[in-house]
Amino acid sequence: MISKTYNPREIEDKWYSYWIENRYFNSKPNPEKEPYTVVIPPPNVTGVLHMGHMLNNTIQDVLVRKARMEGKEACWVPGTDHASIATEAKVVAMLKEKGIQKSDLTREEFYEYAWEWTDKYGGIILQQLRKLGASCDWDRTRFTMEPALYDAVIDTFIELYNKGYIYRGHRMVNWDPQAKTTVSDEEVITKEVMTKLCYLRYQVVNSYPLTVNSDEVSDNGQHITDNDDSIIIATVRPETIMADSAICVHPDDERYKHLHGKKVLIPLINRAIPIITDEYVTMDFGTGALKVTPAHDQNDYDLGVKHQLELIDILTEDGKLNEKAQILVGEDRFVARKKIIKLLEESGNLEKIEDYKSNVGHSERTNAVIEPRVSLQWFVRMKELCEPALQNVMNDNIQLHPAKFKNTYRIWIENIRDWNISRQLWWGQQIPAYYLPDGTVIVAKTKREALRKAQHELLLFALTEADLTQDPDVVDTWFSSWLWPISVFDGFKDPNNEDINYYYPTNDLVTAPEILFFWVMRMIIAGYEFRGELPFRNVYLTGIVRDTKGRKMSKSLGNSPDPLDLIDKYGADGVRTGMLFSSPAGNDLLFDEKLCEQGRNFCNKIWNAFRLVKGWEVYSPQSTVHSSQLSVLWFDAKLNQTTAEVLDLFSKYRLSDALNVIYKLIWDDFCSQYLEMIKPGFEQPIDKATFEATIGFFDKLMALTHPFMPFITEEIWQDIRPRGEKESLCVAEFPKAAPFDATLLANFEIFFEVVTNVRNLRSTKNISPKTELPLTIKTENQALYQPFESLLIKLANISDISYTTGKADGTSFLVKADEFFVNLEGELDVEAERENLQKELEYTLGFKKSVEAKLSNERFVQNAKADIVEKERQKLADAEAKIATIQEALVRLS
RNA sequence: AGGAUGUUAGCUCAGUUGGUUUAGAGCGCCGCCUUGACAGGGCGGAGGUCAUGGGUUCGAGUCCCCUACGUCCUACCA
């Protein structure tokens with residue numbers, strides 16, 4: 001006895017183990033077959049599955065399963081990312097709970113804890129992916145911190161350094177004065193804060209050339225003019241004026257043209273700084289004059305570099321003023337701010353203070369206000385490396401789906417800055433740079449090699465390993481994940497191995513648009529740089545999963561359902577289809593559990609169709625029922641038509657559309673129409689030929705649906721298949737498009753319309769579906785309807801069918817230009833009939849008019865393509881025939 | 001602020017080189033239908049001047065421009 005509803009739970013576990021046991025997901029290079037490769041975007045090793053992963057991995061699985069069924073050597077490589085910042089933060093928090101400070105540990109000790117943590121929580125997410133049905137080759141699971149991949153990072157660092165792409169330089173970073181470390185841009189939370197905008201007056205120095213010793217100038221007072229010759233700037237950080245290197249105004253600003261080339265004195269400390277001009281300045285903000293403080297502001301830093309200004313850092317690493325500030329030395333930056341305002345007020349340099357709303361960066365971890373700070377970091381020179389990455393996306397060697405992202409991608413690359421790859425963390429690949437006691441840098445794979453280099457290249461034979469210190473920083477996580485498509489096949493360790501030669505370049509990459517820049521672009525760069533070839537041919541960009549209100553799903557909002565709960569509730573197939581129903585590439589998915597419900601209902605629908613067919617008793621008659629024969633021909637055509645459509649949609653990466661087309665094929669065409677057409681009477685057997693054709697349809701439908709719903713399709717497929725033919729739907733053949741009879745499909749459409757009209761008539765006249773009705777067809781083309789008679793009787797519950805070219809009794813409806821009469825018992829509601837016909841007439845007349853307007857337009861007839869004009873003529877003829885029929889009917893009623 | 005992108009039924013979206021009827025689907029809604037595969041179901045129905053205003057064209061949901069609103073990315077401005 002088959003259950004009335006589909007029960008996913010045991011079926012899913014059963015088949016997943018079966019697939020794994022039989023190693024259907026494992027792949028080896030096979031020269032006989034075309035490879036199809038996907039590398040998973042490695043999730044954070046300590047992460048748990050969220051809705052974004054579900055969507056992303058469902059899409060990958062659909063693509064991989066289809067390729068596998070198409071006979072390709074499908075290989076989906078899973079793995080995880082060490083996620084240095086996120087993981088280190090979690091480990092540090094865990095240590096804190098144990099009462100251990102990171103600073104109390106050696107690097108080695110810290111690693112022990114980190115690995116312990118990774119082993120404990122790592123890979124949970126990969127277990128969860130199995131529940132979803134992901135057909136990964138689990139034997140190939142990789143981790144970005146495992147030795148081989150660690151080495152790949154070190155080797156590529158050295159290679160790029162030797163090629164001159166990596167350099168060490170002073171750059172502005174986000175400094176957390178409380179944690180005394182730099183933090184990445186992603187860890188900076190900008191918050192809106194109310195601050196004071198101070199307007200400060202700087203005195204202009206008139207004499208030229210200016211004496212270097214500014215004290216002298218202020219002492220004798222000669223060079224300082226009265227208030228008319230001064231410039232007022234606005235700032236929210238008055239405590240940094242001692243670090244000013246210039247005042248900047250817009251070159252076209254008439255107010256300040258007379259000051260170009262002059263110098264001003266910084267209030268309180270009276271150091272002279274130049275007035276420079278740059279179009280960066282917004283004339284109508286503040287006073288249109290800007291103090292330039294290169295050491296304490298990113299934009300000012302850029303200006304400083306451009307105008308070669310002095311860089312004066314007046315802050316200590318914990319955010320206090322240092323000796324270079326000259327005044328308020330030792331005060332905290334915020335205390336200093338208050339105090340200096342007072343000093344400025346006393347000295348008469350403070351013009352006014354306004355309340356001002358500004359966005360200030362805060363550290364995610366300590367909530368301290370981030371201090372832009374210049375420090376020594378490692379960088380990758382990007383401009384040249386980017387060239388192939390830009391070109392090969394623009395010329396579609398690598399295709400983005402949807403293509404609209406090409407634009408964004410181009411703009412990003414064109415504005416790229418050098419990539420800061422050093423991070424002041426421990427969990428990650430330590431930079432292979434060694435410092436000699438005098439500060440000389442040697443980049444080498446090991447300390448021993450660095451020493452050898454120092455001895456041989458620098459002739460420093462007296463050095464020992466103890467004299468060398470390795471750079472404590474690690475590289476940015478993306479510096480390991482950009483190698484992923486190559487490193488998972490050991491393309492660095494062994495650049496000519498069988499795997500990399502066979503699987504690389506990979507085919508499709510599925511990821512979120514948010515990391516197009518961080519990750520996708522960098523993988524493309526790495527692909528061309530390290531293998532001289534693209535890393536993948538297609539990039540499928542998913543949307544972001546949001547809730548029904550359009551908010552991003554997040555832990556803090558608590559609006560993200562647990563994917564495993566969903567799978568438990570709706571089944572993996574239900575959740576998979578639920579997510580894909582409404583998520584075309586590049587579109588955000590507004591997730592609603594209703595979608596999963598729809599997915600589950602779809603499973604149930606398929607399940608019950610299967611139950612119905614399974615329950616039939618089969619017999620072998622002399623000849624097959626005619627209506628069933630016709631139905632089989634029709635569904636075969638429909639199936640071929642839809643298969644072609646599905647294949648076309650797949651080729652365009654329109655997976656949502658492909659799923660919807662399949663959904664309708666199964667629900668509407670197969671269940672609602674086909675099964676109803678061939679269904680034998682209650683407790684009647686079905687003829688063998690029809691039964692077998694139906695089983696054949698099931699076979700193809702399950703194959704077509706398998707990439708989307710692997711579990712239920714496998715269950716049914718296994719049940720209907722003769723044993724021993726092929727062992728799993730996973731590796732069965734994906735349906736191919738075959739020719740189909742388009743005329744047959746068109747005639748069936750007319751037939752369905754007739755059926756719908758009869759049902760509609762019953763509905764409006766309140767006649768039970770069980771009451772048989774006689775039907776008279778008024779047509780010039782009797783031959784069109786004759787083949788459908790038996791089906792019409794069955795589906796519309798007609799007692800008998802007759803034809804006429806004249807008139808008939810009863811109420812009627814129109815399909816095309818033919819009229820269908822149903823003689824109902826009782827009175828005919830003439831008024832209602834007339835009203836309906838009148839409405840239809842009006843519509844058709846309006847339609848005819850619009851077609852006529854087109855056709856009577858000479859320019860249309862001249863300019864439009866011949867087939868378009870012909871179609872319009874046909875439309876007109878159809879409309880005219882229909883109008884004639886309606887008018888006859890109206891005459892008859894009056 | 002700059003850039004990208006979007007605005008089609010109550011909601012979520014299709015509508016692929018401009019011409020297959022006067023625009024489609026799913027969900028929701030309304031009406032009718034429960035012994036017979038499935039109420040997680042069946043049958044039927046209502047619902048849109050394609051954001052606004054211009055333009056190009058014989059013809060515009062589709063191409064161009066303006067405006068409004070939304071989303072995203074980058075930069076956040078002293």
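Because the structure is a prediction, the values reported are computed rather than measured. In what follows, chains are A, B, ... by sequence order, proteins preceding strands, each numbered from 1.
Of the candidate nucleotides A37(B), U21(B), U5(B), U21(B) has the atom nearest to the side chain of Y843(A). Minimum atom distance to the side chain of N407(A) is reached by U5(B), of the listed C38(B), C27(B), U5(B). Listed nucleotides G26(B), A39(B), U20(B) differ in distance to K4(A); the shortest reach to its side chain belongs to A39(B). Minimum atom distance to the side chain of D297(A) is reached by C77(B), of the listed A37(B), C58(B), C77(B). Nearest nucleotide to the side chain of K594(A), out of C27(B), G19(B), U12(B): C27(B).
Here the straight-line distance linking atom NZ of K794(A) with atom CG of L791(A) works out to 7.5 Å at 0.5 Å rounding. In this structure, M521(A) CE and I515(A) CD1 are separated by 12.0 Å, a value rounded to the nearest 0.5 Å. For the atom pair CZ of R237(A) and CG of L197(A), the computed distance is 14.0 Å after rounding to the nearest 0.5 Å. Note: Y663(A) OH to M709(A) CE = 9.5 Å, rounded to the nearest 0.5 Å. The CG atom of D244(A) sits 7.5 Å away from the OG1 atom of T235(A) when rounded to the nearest 0.5 Å.
For the C1' atoms, the distance linking U71(B) with U12(B) amounts to 15 Å, nearest Å. Between A60(B) and U16(B), the two P atoms lie 16 Å apart (nearest whole Å). Between the P atoms of G40(B) and A23(B), the separation comes to 35 Å (whole Å). Between the C1' atoms of U49(B) and G45(B), the separation comes to 23 Å (whole Å). Separating the C1' atom of A51(B) from that of U8(B) is a span of 10 Å, rounded to the nearest Å. Distance check on atom P: G2(B) versus U21(B) gives 43 Å, rounded to whole Å. Here, C76(B) and C65(B) have their C1' atoms 30 Å apart, quoted to the whole Å. Nucleotides A46(B) and U52(B) are separated by 28 Å at their C1' atoms, to the nearest Å.
In this structure, R255(A) pairs ionically with D253(A), as a charged nitrogen and a carboxylate oxygen lie closer than 4.0 Å. We find that K679(A) and E676(A) are joined by a salt bridge, their nearest charged nitrogen and carboxylate oxygen being less than 4.0 Å apart. Salt bridge annotation for K882(A)-E840(A): present, with a cationic side-chain nitrogen under 4.0 angstrom from a carboxylate oxygen.
At the phosphate of C13(B), neither OP1 nor OP2 sits under 4.0 Å from any side-chain N or O atom of S656(A). The phosphate of G15(B) (OP1 or OP2) has a side-chain N or O of R654(A) nearer than 4.0 angstrom. Contact annotation: W667(A) side-chain N/O to A25(B) OP1/OP2 distance is not under 4.0 Å. Contact between the side-chain N/O atoms of Y663(A) and the OP1/OP2 oxygens of C27(B) is found at a separation under 4.0 Å. OP1 or OP2 of C76(B) has at least one side-chain nitrogen or oxygen of N299(A) nearer than 4.0 Å. Dashed line: the shortest gap from a side-chain N or O of K679(A) to OP1 or OP2 of A37(B) is under 4.0 Å.
Distance M172(A) CE to A75(B) P: 15 Å, rounded to the nearest Å. Whole-Å rounding puts the L649(A) CG to G15(B) P distance at 10 Å. As rounded to whole Å, 15 Å separates atom P of C13(B) from atom CG of L580(A). Atom-to-atom, CG of L541(A) to P of A4(B) comes out at 18 Å; the value is rounded to the nearest Å. Note: CG (L516(A)) to P (U5(B)) measures 14 Å, nearest angstrom. If you measure from atom CZ of F698(A) to atom C1' of A37(B), you get 10 Å, rounded to the nearest angstrom.
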Check nucleotides 70-73 of chain B for protein N or O atoms closer than 3.5 Å to its own N or O atoms and list the pairs.
unit_1	atom_1	unit_2	atom_2	d
C73(B)	O2'	W412(A)	NE1	3.1

Name the pairs: protein N/O against N/O of nucleotides 7-9 of chain B, kept only if under 3.5 Å.
none

Protein and nucleotides 44-48 of chain B: nitrogen or oxygen contacts under 3.5 angstrom:
unit_1	atom_1	unit_2	atom_2	d
G44(B)	OP1	T756(A)	OG1	3.4
G44(B)	O2'	N760(A)	OD1	3.3

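Of the residues in residues 599-610 of chain A, R600(A), N601(A), N604(A), K605(A), N608(A), A609(A) come within less than 4.0 Å of RNA chain B through at least one heavy atom, sorted by number.
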How does protein contact run along nucleotides 59-64 of chain B, one letter per nucleotide 5' to 3', with B for base contact, S for sugar-phosphate only, - for none, heavy atoms under 4.0 Å?
------
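Take D657(A) and apply the salt bridge (charged side-chain N to carboxylate O under 4.0 Å, His left out) test, not counting sequence neighbours, and it matches R654(A). With sequence neighbours excluded, the residues forming a salt bridge (charged side-chain N to carboxylate O under 4.0 Å, His left out) with K306(A) are D278(A), listed by chain and number. With sequence neighbours excluded, the residues that form a ring-ring contact (aromatic ring centres under 6.0 Å, His included) with F610(A) are W607(A). For D300(A), the salt bridge (charged side-chain N to carboxylate O under 4.0 Å, His left out) criterion is met by no residue, not counting sequence neighbours. Remark: F650(A) engages F708(A) in a ring-ring contact (aromatic ring centres under 6.0 Å, His included) (not counting sequence neighbours).
Under the salt bridge (charged side-chain N to carboxylate O under 4.0 Å, His left out) criterion, the residue pairs touching residues 762-771 of chain A are K765(A)-E833(A), with sequence neighbours excluded.
The 5' end of RNA chain B is approached more closely, in terms of each residue's nearest nucleotide, by G846(A) than by the other of G846(A) and L197(A). Across the interface with RNA chain B, nearest-nucleotide mapping of K848(A) and L590(A) shows L590(A) to be the residue nearer the 5′ end.
For the 3.5 Å distance criterion, the side chains of Q298(A) and D302(A) qualify, holding a donor opposite an acceptor. With hydrogens and angles left out, the side-chain atoms of D878(A) and Q874(A) include a donor and acceptor closer than 3.5 Å. In summary, the side chains of T240(A) and K291(A) do present a donor paired with an acceptor at a separation below 3.5 Å, with no hydrogens or angles considered. No side-chain donor-acceptor contact under 3.5 Å links Y256(A) and T277(A).
Surrounding CD of E835(A) are at most 12 heavy atoms belonging to other residues, nucleotides or ligands under 6.0 Å away.
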Wobble G-U and Watson-Crick pairs count when both distances are under 3.5 Å; given that, what is the 5' to 3' dot-bracket string of RNA chain B, with | for pairing to other strands?
(((((((..((((.....[....)))).(((((.......))))).....(.(((..]....))).))))))))....
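Relative ring orientation between F697(A) and F635(A) is described as perpendicular, the plane-to-plane angle rising above 60° on a 0-90° scale split at 30° and 60°.
Between K638(A) and F670(A) there is no side-chain heavy-atom pair separated by less than 4.5 Å.
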